[in-house]
Amino acid sequence: MNARKPLRLLSTFFVVLCYQSIEASEIPGSIEVFIDSFHPVQSDADATSVYVIDRIDRLQQELSNDLPADPEIAKQMTLRHLQRMGVGLSGELENAATGLVKAMQYGLDRYPAIVFDGKFVVYGMTDLVAAIQLYQEWRAGERCP
């Protein structure tokens, strides 16, 4: 098989996709935001999932601060600390784990990132209003990838 044929087909696909005629006001079906604790979401939108993907690392740092050298005492202190953090912690950790898995599935290589409909990615933005505007312009053919 000619190695250039798939590349040519892929290029044609992007050109056709770029010039599709779609309403500029169309809102994506799903929006997923991948951030860390230093880059909060600047605005909110419906159908948004926000994943704070550095929460697991931050928990490790919180738990390892000022631990004694004795492993048994350190274990007891860590368990007490986890109990004080409460029920919300498990939701935060689940959110982070889900976000990390999804980021790997999408092939995201940096964050912040906003994924529209599980396919289209805007990197480096946390302002949903601005990112949705870019997405709509691209879908309307006003902006190419």
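Remember, predicted model here, so these are calculated numbers, not experimental data.
Rounded to the nearest 0.5 Å, atoms CZ (Arg55) and CD (Gln60) are 11.0 Å apart. Separation of atoms NE2 (His39) and CD1 (Ile53) is listed at 11.0 Å; rounding is to 0.5 Å. Atoms CG and CD, on Leu89 and Glu92 in that order, are 6.0 Å from each other to the nearest 0.5 Å. Expressed to the nearest 0.5 Å, how far CG of Leu108 lies from NZ of Lys102 amounts to 11.0 Å. Here the CG-CG distance, from Leu63 to Leu59, works out to 4.0 Å after rounding to the nearest 0.5 Å. Residue Phe120 holds its CZ atom at 5.5 Å from OH of Tyr135, rounded to the nearest 0.5 Å.
In the model, Tyr51 has no side-chain atom that pairs as donor or acceptor with a side-chain atom of Asp36 under 3.5 Å. With hydrogens and angles left out, the side-chain atoms of Thr126 and Gln42 include a donor and acceptor closer than 3.5 Å.
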Start with the C-alpha gap between Met77 and Asp66, add the side-chain angles, then the distance that decides, and say whether side-chain contact (heavy atoms from CB on, under 4.5 Å) holds.
CA-CA 10 Å; Met77 284 179 66; Asp66 301 323; 5.8 Å; no
Go through it in stages, so that I can follow the logic: the residues are Phe116 and Ile132, the test is side-chain contact (heavy atoms from CB on, under 4.5 Å), and I'd like the CA-CA distance, side-chain angles, deciding distance and then a yes or no. CA-CA 9 Å; Phe116 297 98; Ile132 290 170; 3.8 Å; yes
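Residue Ile31 is tested with Val122, Val115, Val50, Thr48 for a side-chain contact (heavy atoms from CB on, under 4.5 Å); the sole match is Thr48.
Using a 4.5 Å cut-off on side-chain heavy atoms (C-beta onward), Tyr111 and Tyr123 make no contact.
Using a distance-only test at 3.5 Å, with no hydrogens or angles considered, no donor-acceptor pair links the side chain of Asp127 to the main chain of Val41. Using a distance-only test at 3.5 Å, with no hydrogens or angles considered, no donor-acceptor pair links the side chain of Asp54 to the main chain of Asp57.
Clustering ILVMFWY residues whenever any of their side-chain heavy atoms sit less than 4.5 angstrom apart, transitively, puts Ile114 in a cluster other than the one holding Val101.
Leu67 and Ala74 get closest at one heavy-atom pair: CD2-O, 3.9 Å. The two residues Ala113 and Val121 have their closest heavy-atom pair at CB-CG1, 4.3 Å. What you find for Pro40 and Ile35 is that their closest heavy atoms are CA-CD1, 4.1 Å. In this structure, Pro68 and Ile73 approach most closely via the heavy-atom pair CG-CG2, 3.5 Å.
Counting heavy-atom neighbours within 6.0 Å of Gln76 CD, excluding the residue itself, gives a total above 12.
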